[in-house]
> 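What follows is a structure written as structure tokens; I'll ask about it next.
As a basis for the values below, the full set of heavy atoms in this structure was taken, side chains included, without hydrogen atoms, waters or symmetry mates.
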Amino acid sequence: MSFDVPADRKYMESHEWVTDADDTAKVGITDFAQDELGDVVFVELPDEGDDLTKDEEFGVVESIKAVSDLYSPVNGTVVAVNEALADQPELVNDDPFGDGWMLEVELDDDSGMDDLLSADEYREQIE
């Protein structure tokens with residue numbers, strides 16, 4: 001099976017993605033992750049203004065198969081949360097890189113983006 005892995009993002013081994021940006025980046029889970037989880041039924045996300053630390057848990061995604069922790073790919077402050085996921089968690093399955101985004105984060109200077117996986121490196125991990 002082939003999964004979508006956009007080249008304009010960076011990835012964690014735990015299957016979160018982040019847009020490759022200088023100041024503000026979006027965060028979500030990958031096409032592979034949503035497929036492995038199955039039908040997503042609930043997403044728990046932090047509040048706007050919360051600080052995120054790279055590699056630390058920031059939320060939970062619950063599906064009909066499992067409950068999985070979400071890990072931050074960067075250091076920064078949450079400036080927006082995808083409120084649509086509260087009523088439509090299935091957006092994570094339908095469009096994980098678009099309408100299924102989870103957070104917008106204002107990146108710290110030491111955001112930690114440099115040691116994330118490229119699209120090619122992530123693709124090798126999931127194949």
Side-chain angles (χ1 to χ4, degrees):
M1 183 166 201
S2 178
F3 295 99
D4 191 18
V5 183
D8 64 343
R9 291 147 210 261
K10 295 202 170 188
Y11 299 87
M12 294 182 74
E13 290 181 3
S14 55
H15 310 292
E16 290 82 3
W17 59 259
V18 59
T19 53
D20 193 1
D22 290 330
D23 297 325
T24 303
K26 284 188 175 177
V27 174
I29 64 169
T30 66
D31 189 24
F32 175 83
Q34 68 79 25
D35 186 72
E36 289 289 305
L37 285 166
D39 294 336
V40 173
V41 295
F42 179 75
V43 180
E44 180 182 312
L45 299 173
D47 294 322
E48 290 182 23
D50 286 356
D51 290 326
L52 300 181
T53 301
K54 182 180 168 83
D55 298 325
E56 290 191 6
E57 183 183 323
F58 73 79
V60 172
V61 62
E62 183 176 337
S63 72
I64 57 172
K65 290 182 182 175
V67 176
S68 295
D69 294 329
L70 299 165
Y71 295 94
S72 179
V74 291
N75 296 319
T77 303
V78 177
V79 293
V81 174
N82 187 352
E83 302 289 345
L85 295 180
D87 295 327
Q88 299 174 285
E90 66 274 13
L91 291 172
V92 174
N93 295 115
D94 296 342
D95 191 10
F97 295 108
D99 291 340
W101 66 277
M102 296 179 173
L103 306 172
E104 247 182 59
V105 179
E106 183 178 301
L107 302 174
D108 288 352
D109 289 341
D110 63 340
S111 65
M113 294 277 280
D114 294 340
D115 59 347
L116 295 172
L117 301 173
S118 69
D120 289 341
E121 291 167 333
Y122 181 73
R123 193 174 292 112
E124 287 176 19
Q125 176 186 305
I126 62 173
E127 289 178 346

> Mind checking the CG-OG spacing from D69 to S14? Nearest 0.5 Å is all I need.
10.0 Å

> Begin with the C-alpha distance, continue with both residues' side-chain angles, and end with the deciding distance and a verdict on side chain to side chain contact (heavy atoms under 4.5 Å, CB included) for M102 and N82.
CA-CA 5 Å; M102 296 179 173; N82 187 352; 5.5 Å; no

> In the structure I gave you, are the side-chain heavy atoms of V105 and L107 within less than 4.5 Å of one another anywhere?
yes

> Measuring only between side-chain heavy atoms, which start at C-beta, is D108 closer than 4.5 Å to D51?
no

> When you measure from the side chain of N75 to the backbone of K54, do you find a donor-acceptor pair of N or O atoms at a distance under 3.5 Å?
yes

> With the 4.5 Å side-chain cut-off for hydrophobic clustering, are V40 and L45 part of the same group?
yes

> To the closest 0.5 Å, what do you measure between CD (E121) and CG (L116)?
10.0 Å

> So, taking the atom named CG in D120 and the one named CD in Q125, what distance separates them when rounded to the nearest 0.5 Å?
13.0 Å

> Please determine whether residues M12 and V5 belong to a single hydrophobic cluster, defined as Ile, Leu, Val, Met, Phe, Trp and Tyr linked transitively by side-chain heavy-atom distances below 4.5 Å.
no

> After noting the C-alpha distance and the side-chain angles of L37 and K65, does the key distance pass the side chain to side chain contact (heavy atoms under 4.5 Å, CB included) rule?
CA-CA 6 Å; L37 285 166; K65 290 182 182 175; over 6 Å; no

> Return yes if a side-chain donor-acceptor contact under 3.5 Å exists between Y122 and T30, otherwise no.
yes

> Can a donor-acceptor pair be found, under 3.5 Å and without considering hydrogens, that links the side chain of E16 to the backbone of Y71?
yes

> A side-chain contact here means heavy atoms from C-beta on lying under 4.5 Å apart; do I126 and H15 qualify?
yes

> Determine whether L85 and I29 fall in the same hydrophobic cluster, where Ile, Leu, Val, Met, Phe, Trp and Tyr are linked whenever their side-chain heavy atoms lie under 4.5 Å apart.
yes

> Quick check: do F58 and V78 have side-chain heavy atoms less than 4.5 Å from each other?
no

> Looking only at non-hydrogen atoms, find the nearest pair between P96 and W17 and report the distance.
O-NE1, 3.1 Å

> So, the side chain of D20 versus the backbone of K10: is there a donor-acceptor pair under 3.5 Å, distance only?
no

> Is a side-chain donor-acceptor pair under 3.5 Å present for S63 with D39?
no

> Atom CD of residue position E106 - does it have more than 12 heavy atoms of other residues, nucleotides or ligands inside 6.0 Å?
no

> Determine whether L91 and V18 fall in the same hydrophobic cluster, where Ile, Leu, Val, Met, Phe, Trp and Tyr are linked whenever their side-chain heavy atoms lie under 4.5 Å apart.
yes

> Are any non-hydrogen side-chain atoms of D47 and V81 less than 4.5 angstrom apart?
no

> Between A119 and P6, what is the shortest heavy-atom contact and its length?
CB-O, 3.6 Å

> Report yes if the side chains of V27 and L52 come closer than 4.5 Å at any heavy-atom pair, otherwise no.
no

> Using 0.5 Å steps for rounding, measure from the CD atom of E127 to the OG atom of S2.
7.5 Å

> Specify the closest pair of heavy atoms between N93 and Q34, including all atoms of both residues, with the distance to one decimal.
ND2-OE1, 2.9 Å

> Of the non-hydrogen atoms in V60 and E57, which two are nearest, and what is the gap between them?
CG2-OE2, 4.2 Å

> Any link between L70 and V41 through a network of hydrophobic side chains (Ile, Leu, Val, Met, Phe, Trp, Tyr) touching at under 4.5 Å?
no

> Once you round to the nearest 0.5 Å, how far does CD of E90 lie from CG of D99?
11.0 Å

> How long is the gap from CZ on F97 to CG on D8, to the nearest 0.5 Å?
9.0 Å

> Judged by atom type as modelled, is there a donor-acceptor pair below 3.5 Å linking the side chain of T19 to the main-chain atoms of K26?
yes

